[in-house]
2 protein chains.
Amino acid sequence: MAGMQATNTAGYDAPIGLTADPVVFTLLDGRLCVLLARRLEEPQRGLFALPGGFVGSSEAPEQTAERKLREKTGVGSVHLEQLRTYADPVRDPRGWLPTIAYMALVRPETLPEERPVDRDASWHPLDALPELALDHAVIVDDGLWRLHARVADKVWFVRKALALLTEPFTLRQAQQLYEALRGEEVDAANFRRDVRATGLLEDTGALRSEGPGRPGRLYRRA
Amino acid sequence: MAGMQATNTAGYDAPIGLTADPVVFTLLDGRLCVLLARRLEEPQRGLFALPGGFVGSSEAPEQTAERKLREKTGVGSVHLEQLRTYADPVRDPRGWLPTIAYMALVRPETLPEERPVDRDASWHPLDALPELALDHAVIVDDGLWRLHARVADKVWFVRKALALLTEPFTLRQAQQLYEALRGEEVDAANFRRDVRATGLLEDTGALRSEGPGRPGRLYRRA
DNA sequence: TCAAAAGTGTTCCTGGTACACCCATGG
DNA sequence: CCATGGGTGTACCAGGAACACTTTTGA
């Protein structure tokens, strides 16, 4: 099968298709995870892979990524950011098959209980990834890199990442999320100052106690 | 012709091809310019467009961008950075035809005197662009955005952008380049401090006088 | 009453901007 | 000698990192 390709009417070489692969992150039990699903088709059937698939001919690739995500994992509408395109002619044994990679960050509950069987769609901690199909390990890596870059921007963090928390939330929850996404610890005092300085948080006035210690104020995204 | 597509052996929809479009910038007479060439084929024959073309089936898209650049404009090997992929199914009237865009920054002499006829391959100042084919105006815009982001990084500027100057050069030349790329003026004292702080410049010891005023020191990239 | 967490304030450092000021050259 | 640009130094400001210190809870 290797080296297969198509030729269009104008006589140009054409890829055998175009795929879109979403790299979807979440935070589960304090660990950063990616969403993976088993391949049901050859090649590499049974291996874990990004839950992407073929772009239809009258479809925007972002829509494909979203649709495949829904079909393979049950995850609903999310905001996808284009990562980059992988088009090495030998990246897929089926033939010339470029893929456009996307990145998203969602809450873990977005992955529903009732979901397609046989696919084992599930969250995998980044520090314990299984073997991945094709070049998907590289794509996940690039996605992680992009995620780190985004999170470094406090405004992006408050607007996008804090959507992972159920409102209202304490600043401690926000900080734990931040630290998990960044992969490093930060000073609590500075974190609270920075995040409140964005002006994007709304103080609900209520308090909540989590374990020992003084209860924390509850916030909502403005 | 609209809506044309291909179907591969596995029954999936396939694009009618894949193109690679390089957005090549240079500085000419103090103005930031892009490299454009006229289309010799339908659709939109005669319109200016990015000097890209179809990716061959056993070719990495970066190679295609480089090859097309050479064929259409005579511009030799350059370092291309992937920008993003445009895959809207209706972006090209010929049918479903995604393109991967690349960005580069080269010296104006890279465009040779003897070059393919009929194509009018030439530099066009960004503030006076002709009508562009397809969605190429958007692509140029995204390229410019990326260029600004890159130049903001002093180290990138010294390593990549300063290659546009013929060595040795004065810091004033470097500053004028910087200002043209950024599109805004900067303080000369601060610029020289920042750029020397990178440690990537080598003082040749020689001086050069350009017009009135004290002659400037000549530098080389280390 | 003690540990743990919330919350406030201060210091320090760094990177960038603005700008004052001297030096060297051509006209 | 003066306009012009090269070159040095300094003051200032903003954002971030480190940390001291107070407050409020559960055990």
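Side-chain atoms are counted along with the backbone in the values below, which use heavy atoms only and exclude waters and symmetry mates. Since this is a predicted model, take the numbers as computed values, not measurements. Chain A is the first sequence line, chain B the second, and so forth, proteins listed ahead of strands; every chain is numbered from 1.
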Chemist: Without swapping roles, check the side chain of A:Q175 against the backbone of A:R192 for a donor-acceptor pair under 3.5 Å.
Modeler: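 Answer holds: no.
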Chemist: Can B:Y86 and B:D21 be counted as having a side-chain donor-acceptor contact under 3.5 angstrom?
Modeler: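 Side-chain D/A pair, B:Y86 to B:D21: absent.
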Chemist: Does atom CZ (A:R107) have a neighbourhood of more than 12 heavy atoms from anything else shown, all under 6.0 Å?
Modeler: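 Enclosed.
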Chemist: Would B:L126 and B:V140 count as a side-chain contact (heavy atoms from CB on, under 4.5 Å) here? Give the steps.
Modeler: CA-CA 9 Å; B:L126 277 173; B:V140 168; 3.8 Å; yes
Chemist: What parts of residues 171-191 of chain B reach DNA chain C, counting only heavy atoms under 4.0 Å away?
Modeler: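 Hits under 4.0 Å, by residue number: B:D187, B:A189, B:N190.
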Chemist: Could you state the CZ-P distance from B:R192 to C:dT17, rounded to the nearest angstrom?
Modeler: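 My rounded result for the distance is 16 Å.
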Chemist: Given atom CG of B:D194 and atom C1' of C:dG15, what is their separation to the nearest angstrom?
Modeler: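 Taking atom C1' of C:dG15 as the reference, CG of B:D194 is at 8 Å.
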Chemist: On DNA chain D, check which nucleotide each of A:R193 and A:G211 is closest to and give me the residue with the more 5' one.
Modeler: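 Of the two residues, A:R193 wins.
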Chemist: Do the side chains of A:R146 and A:E81 get close enough for a salt bridge, i.e. N-O under 4.0 angstrom?
Modeler: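 A:E81 and A:R146: salt-bridged.
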Chemist: Just wondering, more than 12 heavy atoms not from A:E185 lying within 6.0 Å of its CD?
Modeler: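 Counting neighbours around CD of A:E185, 12 or fewer heavy atoms of other residues, nucleotides or ligands fall under 6.0 Å, so no.
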Chemist: Identify, between A:L207 and A:K154, the residue whose nearest nucleotide on DNA chain D lies closer to the 5' end.
Modeler: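 Going by which nucleotide is closer to the 5' end, it is A:K154.
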Chemist: Check each residue of residues 212-222 of chain A for a non-hydrogen atom within less than 4.0 Å of any atom in DNA chain C, then write out the ones that pass by number, or none.
Modeler: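 Those residues whose heavy atoms fall under 4.0 Å from DNA chain C, taken from residues 212-222 of chain A in numerical order, are A:P212, A:G213, A:R214, A:P215, A:G216, A:R217.
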Chemist: Enumerate the residue pairs fulfilling side chain to side chain donor-acceptor pair (under 3.5 Å) with a member in residues 128-138 of chain B, sequence neighbours excluded, ordered by first and then second residue.
Modeler: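 Matches after skipping sequence neighbours: B:R91-B:D135.
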Chemist: For B:R214, which residues count as a side-chain hydrogen bond (donor to acceptor under 3.5 Å, both in side chains) partner, sequence neighbours excluded?
Modeler: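 For B:R214 there are no side-chain hydrogen bond (donor to acceptor under 3.5 Å, both in side chains) partners, ignoring immediate neighbours.
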Chemist: When all nucleic acid strands are considered with a 4.0 Å heavy-atom cut-off, which category describes A:R196: base, sugar-phosphate, or nothing?
Modeler: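 Sugar-phosphate: the residue A:R196, judged by heavy atoms under 4.0 Å, touches backbone atoms but no base.
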Chemist: Just by distance, do the side chain of A:T198 and the backbone of A:V155 share a donor-acceptor pair under 3.5 Å?
Modeler: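 No.
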Chemist: Under 4.0 Å from any heavy atom of chain B: name the first and the last nucleotide of DNA chain D that qualifies, 5' to 3'.
Modeler: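 Going 5' to 3' along DNA chain D, contacts run D:dT4 to D:dG9.
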Chemist: Which residues pass the salt bridge (Lys or Arg N to Asp or Glu O under 4.0 Å) test with A:R38, not counting sequence neighbours?
Modeler: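 Salt bridge (Lys or Arg N to Asp or Glu O under 4.0 Å) list for A:R38, sorted by chain: A:D120.
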